[in-house]
Amino acid sequence: MSQPPASQPTWTAPVAPGPLDATVRVPGSKSITNRAFVLAALAAEPTLVRAPLDSRDARLMLGALEALGGGWERRGEDVLVRPLVHGSTEPASVVLGNAGTVARFTPALAGLGSAPVTFDGDEAIRRRPIAPLLSALREAGADIDDAGRGAPPFTVRGHGGLPGGKVDLDSSASSQFLSALLLAGPAFDAGVTVRLTGGTPPSEPHIAMTLGMLTRFGASPERDGAEFHVGPAALSCPDFAVEPDLSTAAPFVVAAAAAGGTVRIPGWPEYSTQPGDWLRSLMAELGQRAELTADGLSVTGTGEIPGARLDLHEVGELTPVIAALLCFADGPSVISGVAHLRGHETDRLAALATELSALGAGVRETADGLEITPAPLHGGHFRTYDDHRLVMAGAVLGLRVPGVSVENPATVGKTFPGFTAAWDAMLS
Ligand SMILES: O=C(O)C1=C[C@@H](OP(=O)(O)O)[C@@H](O)[C@H](O)C1
Ligand SMILES: C=C(OP(=O)(O)O)C(=O)O
């Protein structure tokens, strides 16, 4: 796998000075923010999105909507998003960065406009899967020129709308393909009916999130086994509040298990479709105490972490941080169900196996996950492959291992630009 240059800045992850006693506020959910921005752009009237995430991925989404003919303005911590109306009427470019949500959710919107829109981003996004979505969008009537690559850069030529209707989709490489079609479906002439072919999509909570947010914006999505339908609808949700990002909370939650003591995350919702809400049951399964009260989630470390067999298919984005924690377990662990992580920001299975092993852990890649055999760890250079969740994993290791030098910590700005400051504050 490609390795970033050795000259990148590093951050020495701090060792926990003792048991923790901290309250950590995490920023808004990336997945909810970027869905809210898309649905607001498709709505009939402006939407005030309250407390959205402000990070690289969220800014890329706002930039994409602007390129596609939409508008937005900051109102303090909130963002007012204006509808696309006619979509793009002039040739435009959408910058994808390495944001899966931007790459997968915005091409359909270009089909609603009347001009060619080119999509491209970081080198890494060109390697991430998208071909099945482009095929399904073509079935829905989109005119896409990808020069046969099945990857960015590609151009969507808008012809003033998309017919929509029945499409087949293999969403086994990413749930975002299905979410993309459903989010745009209300704006298609005939709505969209998606019949899933291929294996079960990963990240089921993110699919539930898509259905829930469509409903909140006034659409009526239906699901019958492997078939999903959303009819044409005039969307509206003048005021929408974003939940804290529970996956961004993961390293802080896990810190209580790794270092002992208690970490509280205020604003943890009583009910959430976010995959991070699985942390409550995962922490219990890993021997920790997690209690949800009206004030938020409180996690207390018990000092013992049993090895575990965890199928993380539904919550793949938690894998890097959980894998780091399992390096401190009392016995071996197996993480399964996450082959699709090879198509994330980087090949996360290869990256985790390489970097955790380099610090002394016994970590082996399997066909669909990792085998982790704890061993005494030592400090060293921890490569992050331009992956925000690798920075978070490095921080977790550093809690108990002096001298973990985390490469390119700024890449965490994909979802939490203030991560290292919040981490230091948790430990002070
Ligand atoms: O729809 C979403 O907001 C997301 C879906 C998941 O993608 P995959 O299904 O590709 O894993 C997740 O990993 C990603 O961080 C966000
Ligand atoms: C897979 C992830 O991101 P993306 O939205 O780019 O797919 C992630 O945040 O773990």
Side-chain angles (χ1 to χ4, degrees), residues 30-31 33-49 52-74 79-122 125 130 133-134 136-138 140-146 152-164 176-177 179-189 192 210 213-214 217 219 230 232-237 240:
K30 169 197 70 175
S31 294
T33 295
N34 279 0
R35 280 170 175 74
F37 288 163
V38 167
L39 290 168
L42 295 174
E45 60 205 356
T47 306
L48 186 66
V49 182
L53 175 63
D54 184 12
S55 74
R56 185 178 189 219
D57 277 16
R59 288 181 178 209
L60 286 165
M61 184 60 92
L62 289 173
L65 296 179
E66 208 168 299
L68 291 165
W72 57 275
E73 70 188 61
R74 292 206 188 273
V79 174
L80 184 79
V81 181
R82 296 208 182 76
L84 292 180
V85 192
H86 300 300
S88 44
T89 52
E90 302 285 336
S93 305
V94 167
V95 179
L96 305 173
N98 191 8
T101 50
V102 183
R104 279 67 175 259
F105 297 172
T106 61
L109 308 192
L112 305 173
S114 52
V117 180
T118 300
F119 294 78
D120 200 7
D122 296 359
I125 200 79
I130 195 167
L133 172 61
L134 299 182
L137 285 172
R138 286 191 179 104
D143 176 0
I144 303 173
D145 180 1
D146 65 353
F154 56 83
T155 299
V156 180
R157 291 193 208 90
H159 300 295
L162 286 175
Q176 292 176 349
F177 305 161
S179 286
L181 288 162
L182 296 174
L183 289 168
F188 296 169
D189 299 343
V192 72
T210 296
M213 287 187 62
L214 277 163
F217 274 75
V230 55
L235 301 179
S236 165
C237 182
F240 181 88

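We count residues from 1, following the sequence as given. What you see is a predicted model; the values in this text were computed from it and never measured.
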S.K.: Are any of the side-chain heavy atoms of Ile130 and Pro152 separated by less than 4.5 Å?
M.R.: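 Ile130 vs Pro152: side chains touch.
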
S.K.: Which pair of non-hydrogen atoms, one from Val81 and one from Ala41, has the smallest distance, and what is that distance?
M.R.: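 Looking at all heavy atoms of both residues, the shortest contact is CG1-N, 4.0 Å.
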
S.K.: Step by step, would you call Phe154 with Leu134 a side chain to side chain contact (heavy atoms under 4.5 Å, CB included)?
M.R.: CA-CA 10 Å; Phe154 56 83; Leu134 299 182; 4.0 Å; yes

S.K.: Quick one, Arg59 and Asp54 - any side-chain contact, counting heavy atoms below 4.5 Å?
M.R.: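 Yes, at least one pair of side-chain atoms sits under 4.5 Å.
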
S.K.: How close do Ile125 and Gly100 get, counting heavy atoms only, and between which atoms?
M.R.: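 Heavy atoms only, the tightest pair is CD1-N, 4.3 Å.
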
S.K.: Minimum heavy-atom separation for Thr89 to Ala115, with atom names?
M.R.: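 Closest heavy-atom pair between Thr89 and Ala115: C-CB, 3.6 Å.
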
S.K.: So, taking the atom named OG1 in Thr101 and the one named CG in Asn34, what distance separates them when rounded to the nearest 0.5 Å?
M.R.: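 Answer for the OG1-CG pair, Thr101 versus Asn34, is 4.0 Å.
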
S.K.: Please enumerate all residues that pass ring-ring contact (aromatic ring centres under 6.0 Å, His included) together with Phe217, with sequence neighbours excluded.
M.R.: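 Testing Phe217 for ring-ring contact (aromatic ring centres under 6.0 Å, His included), a comparison that skips the adjacent residues, returns Phe240.
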
S.K.: Which heavy atom of Leu162 sits nearest to which heavy atom of Gly111, and what is that distance?
M.R.: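 Shortest heavy-atom separation between Leu162 and Gly111 comes out as CG-O, 3.7 Å.
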
S.K.: Side chain to side chain donor-acceptor pair (under 3.5 Å) with Ser179: which residues, sequence neighbours excluded?
M.R.: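 Ser179 satisfies side chain to side chain donor-acceptor pair (under 3.5 Å) with Arg35, Thr210 once adjacent residues are dropped.
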
S.K.: Val94 vs Thr118, test: side chain to side chain contact (heavy atoms under 4.5 Å, CB included). Steps then yes/no.
M.R.: CA-CA 6 Å; Val94 167; Thr118 300; over 6 Å; no

S.K.: Suppose we screen for side chain to side chain donor-acceptor pair (under 3.5 Å). Which residues come up paired with His159, at least two apart in sequence or across chains?
M.R.: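 Partners of His159 under the side chain to side chain donor-acceptor pair (under 3.5 Å) test: Asp143.
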
S.K.: Are the side chains of Met213 and Leu39 in contact, using a 4.5 Å heavy-atom criterion?
M.R.: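 Of all side-chain heavy-atom pairs linking Met213 with Leu39, at least one is under 4.5 Å.
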
S.K.: Quick one: side chain to side chain donor-acceptor pair (under 3.5 Å) partners of Glu45, sequence neighbours excluded?
M.R.: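 Per chain and number, Glu45 pairs via side chain to side chain donor-acceptor pair (under 3.5 Å) with Ser236.
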
S.K.: A side-chain contact here means heavy atoms from C-beta on lying under 4.5 Å apart; do Leu137 and Leu181 qualify?
M.R.: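 Yes, close enough: below the 4.5 Å cut-off.
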
S.K.: A side-chain contact here means heavy atoms from C-beta on lying under 4.5 Å apart; do Leu84 and Leu109 qualify?
M.R.: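 Yes - at least one pair of side-chain heavy atoms lies under 4.5 Å apart.
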
S.K.: With Asp57, which residues qualify under side chain to side chain donor-acceptor pair (under 3.5 Å), at least two apart?
M.R.: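 Here the qualifying residues are Lys414.
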
S.K.: In a check of side-chain contact (heavy atoms from CB on, under 4.5 Å) between Phe37 and each of Val102, Leu62, Thr47, Leu53, which one passes?
M.R.: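 In the set Val102, Leu62, Thr47, Leu53, the residue that makes a side-chain contact (heavy atoms from CB on, under 4.5 Å) with Phe37 is Leu62.
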
S.K.: First locate atom CG of Leu214, then atom CG of Leu235, and finally report the distance between them rounded to the nearest 0.5 Å.
M.R.: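 It comes to 7.0 Å.
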
S.K.: Does a side-chain heavy-atom distance below 4.5 Å link Val156 with Pro116?
M.R.: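 No. Closest side-chain heavy atoms not under 4.5 Å.
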
S.K.: To check you understand the geometry: which heavy-atom pair defines the closest contact between Pro83 and Pro46, and what is its length?
M.R.: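 Closest pair (atom of Pro83, atom of Pro46, distance): CD-N, 3.9 Å.
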
S.K.: Show every side chain to side chain donor-acceptor pair (under 3.5 Å) that has at least one partner inside residues 106-115, sequence neighbours left out.
M.R.: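 For residues 106-115: none.
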
S.K.: Counting C-beta onward and ignoring hydrogens, is there a side-chain heavy-atom pair between Phe119 and Pro107 closer than 4.5 Å?
M.R.: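 The answer is yes, as the side chains (C-beta and beyond) meet within the 4.5 Å cut-off.
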
S.K.: How long is the gap from CG on Leu80 to CD on Glu73, to the nearest 0.5 Å?
M.R.: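 It is 5.5 Å, given to the nearest 0.5 Å.
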
S.K.: To the closest 0.5 Å, what do you measure between CZ (Arg56) and CG (Asp122)?
M.R.: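 It is 4.0 Å, given to the nearest 0.5 Å.
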
S.K.: How far apart are the closest heavy atoms of Phe188 and Ala140, and which atoms are they?
M.R.: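 For Phe188 versus Ala140, the nearest heavy atoms are CE1-CB, 4.3 Å.
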
S.K.: Which value, rounded to the nearest 0.5 Å, describes the distance between Trp72 atom CH2 and Glu66 atom CD?
M.R.: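 So the CH2 of Trp72 and the CD of Glu66 are separated by 6.0 Å.
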
S.K.: Nearest 0.5 Å please: distance from the CG atom of Leu65 over to the CZ atom of Arg82.
M.R.: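 Result: 13.0 Å between the selected atoms.
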
